Asks: 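Once you've had a glance at the structure underneath, I'll fire off some questions.
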Protein chains: 2
Amino acid sequence: MTRKIPDSTVRRLSHYLRSLEGFQEPGGTVSSEELAARGQTTAAQVRKDLSHFGSFGKRGLGYRVDELRAHLRSILGIDRRWRVALVGAGRIGLALFEYPAFRARGYDCVAIFDPDPEKVGTVRAGLVVHDPSGFEDAVRDLGIELVILAVPEGAAQEMAGRAVEAGVKGILNFAPIRLNVPPLVPVEDVNLVMELEALSFAITQAGHEE
Amino acid sequence: MTRKIPDSTVRRLSHYLRSLEGFQEPGGTVSSEELAARGQTTAAQVRKDLSHFGSFGKRGLGYRVDELRAHLRSILGIDRRWRVALVGAGRIGLALFEYPAFRARGYDCVAIFDPDPEKVGTVRAGLVVHDPSGFEDAVRDLGIELVILAVPEGAAQEMAGRAVEAGVKGILNFAPIRLNVPPLVPVEDVNLVMELEALSFAITQAGHEE
DNA sequence: TGTTGTGAAGTATTTCACAGCC
DNA sequence: GGCTGTGAAATACTTCACAACA
């Protein structure tokens, strides 16, 4: 049904969904104009983004909030729950596991792995930390589909390979390297230092313009 | 000197710099081809990205590693140190403040603010947590230029406004809203749930292709 | 010879503008 | 009358291909 959807569109879809949370009247409607006002786009962009997936609006009226929300959730694949494991029980990963929106958006924390003997056996974010030796069994037994990879740079590629091999379907990677995985397994990279550098760049360049 | 540089280019520059860390021979050289192999691009893209800022290579030879590194650091604005405050002493912000690469890349943690009376006065990441009432004075007295905004959604806009008003030059925003700030103050958004949704989307859509 | 720097060509994404429908 | 859905136009970004040159 769908052709190739740009990454930028996906980010915006996620944003539209979040924007809809402002509207609580059950049968209310939004226009592309209103949706664009929140978010950082134009009405035309909103309509184009949505049009890749169907015709959800009514001409002259706009989009029904509840309907659009359901469509967006279905498009983004969060009209279901996802079973997620955290690999690397450091601060960032645990922060995500304890973040209320994480659960609220459809992601269930089902296991935590860390090789540190100080951490193995302790309880974090409500789960016992396990040694990674049991990782493959857990993926199978718990039906883990997503992995949050928050391990040191040196361990990331190995754990990513093991995850893919075990049948994990997607990886959220916090390590500052490009993981080498088969193209069928999507990887999203989060690189906080890179974001800071983009900031330094923007500030620095602002002085260089003529 | 420079025209408008796409965001994608900036991210890649940051990546090239990181890739150079693999090369330790002082006077060694890299070709655009080698740089492209790490990272996820083509040699032509590498050359084009760099060409926006000058001619750093030697035809027939490639780029001198140490020179290129210095140029990239200068372009990204990290050939200096930045004074950074954390607003919101939650797990994510503290994780970043304690992450070794944060300091190593030129960012100095100089203050932490949080309104929670349980946290005020305690020491986190080596700094005493202060109440946000003293924020403006601290920006002036400590020369704070960057703010890492890791507060709940409801408080983000207010603190962003105060930061801009106080003279902060850039904001790394973890709250899942678009901050309303003057266009001269760059904001980088980090939205972890959005990244997860991009992952769910990619996995879900993989089944829909014909 | 080997590899850069760069216009020109090719794609991808965004914006425009308006017909079509509520 | 108002607002969507969508081709066509405009703009942005990437890739090509080759002259320049160490």
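Remember, predicted model here, so these are calculated numbers, not experimental data. A, B, ... follow the sequence lines: proteins, then strands. Residue 1 opens every chain. Only this structure's heavy atoms are used, side chains among them; waters, hydrogens and symmetry mates stay out.
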Asks: Taking for each residue the nucleotide of DNA chain C bearing the nearest heavy atom, is the 5' side occupied by A:Arg47 or by A:Arg12?
Replies: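 Between the two, 5'-proximity favours A:Arg12.
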Asks: In whole angstrom, what separates A:Leu35's CG from D:dC3's P?
Replies: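 So the two atoms are 14 Å apart, to the nearest Å.
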Asks: Quick check on C:dG5: is either OP1 or OP2 less than 4.0 Å from any side-chain nitrogen or oxygen of B:Tyr63?
Replies: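 B:Tyr63 to C:dG5 OP1/OP2: side-chain N or O found under 4.0 Å.
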Asks: With a 4.0 Å cut-off, would you call B:Glu145 and B:Lys169 a salt bridge?
Replies: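 Yes.
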Asks: In Å, rounded to the nearest 0.5 Å, how long is the span from CG of A:Leu192 to CZ of A:Phe174?
Replies: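 Spacing of CG (A:Leu192) from CZ (A:Phe174) equals 7.0 Å.
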Asks: Take the protein atom NE2 of A:His71 and the nucleotide atom P of D:dT4, then report the distance between them rounded to whole Å.
Replies: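 Rounded to whole Å, this separation is 15 Å.
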Asks: Rounded to whole Å, how long is the line connecting atom CD of B:Glu33 with atom P of D:dA17?
Replies: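 One finds 15 Å between P of D:dA17 and CD of B:Glu33, rounded.
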Asks: Just by modelled atom types, is the B:Asn180 backbone N or O under 3.5 Å from a matching donor or acceptor in the B:Gln157 side chain?
Replies: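 Checked: pair present.
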Asks: List the atom of B:Ser200, the atom of A:Tyr107, and the distance in Å for their closest heavy-atom pair.
Replies: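 Where B:Ser200 meets A:Tyr107 most closely, the heavy atoms are OG-OH, 2.6 Å.
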Asks: For B:Ser32 and C:dT3, is the shortest distance between a side-chain N/O and OP1 or OP2 below 4.0 Å?
Replies: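 So the side chain of B:Ser32 is outside the cut-off, no N or O lying under 4.0 Å from OP1 or OP2 of C:dT3.
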Asks: State whether A:Ser8 places a side-chain N or O below 4.0 Å from either non-bridging phosphate oxygen (OP1 or OP2) of C:dT13.
Replies: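 No.
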Asks: Could you state the atom-to-atom distance from CZ of A:Arg64 to C1' of D:dT4 in whole Å?
Replies: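 Distance check: A:Arg64 CZ to D:dT4 C1' gives 17 Å.
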Asks: Respond yes when some side-chain nitrogen or oxygen of A:Ser31 is under 4.0 Å from OP1 or OP2 of D:dC3, and no when none is.
Replies: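 Result: no.
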Asks: Taking only the side-chain heavy atoms of A:Ala44 (C-beta and beyond), determine which of C:dC16, D:dC16, C:dG5 contains the nearest atom.
Replies: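 So the side chain of A:Ala44 is nearest to C:dC16.
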Asks: With a 4.0 Å limit, can you tell me whether A:Gln45 has a side-chain N or O closer than that to the phosphate oxygens OP1/OP2 of C:dT15?
Replies: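 True: A:Gln45 side-chain N/O within range (under 4.0 Å) of C:dT15 OP1/OP2.
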Asks: Assess whether one donor atom and one acceptor atom, taken from the side chain of B:Arg59 and the base of C:dT3, lie less than 3.5 Å apart.
Replies: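 Answer no: no donor N or O sits under 3.5 Å from an acceptor.
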Asks: Mind calculating the distance between NE2 (A:His52) and P (D:dT4) to the nearest angstrom?
Replies: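 Nearest whole value for this atom pair: 16 Å.
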Asks: Rounded at 0.5 Å granularity, tell me how far CZ in A:Phe53 sits from CG in A:Leu76.
Replies: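 Interatomic distance, A:Phe53 CZ to A:Leu76 CG, rounded to 0.5 Å: 8.0 Å.
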Asks: Expressed as a whole number of angstroms, how long is the span from B:Phe56:CZ to D:dA22:C1'?
Replies: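 Those two atoms, CZ and C1', are 18 Å apart.
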Asks: Given D:dT6, D:dT15, D:dC13, which nucleotide is nearest the side-chain atoms of A:Lys48?
Replies: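 For the A:Lys48 side chain, the nearest candidate turns out to be D:dT6.
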Asks: Whole Å only: how far is the CZ atom of A:Phe53 from the P atom of D:dT6?
Replies: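 Rounded to whole Å, this separation is 13 Å.
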Asks: Whole-Å distance between C:dC22 C1' and A:Glu67 CD?
Replies: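 My rounded result for the distance is 14 Å.
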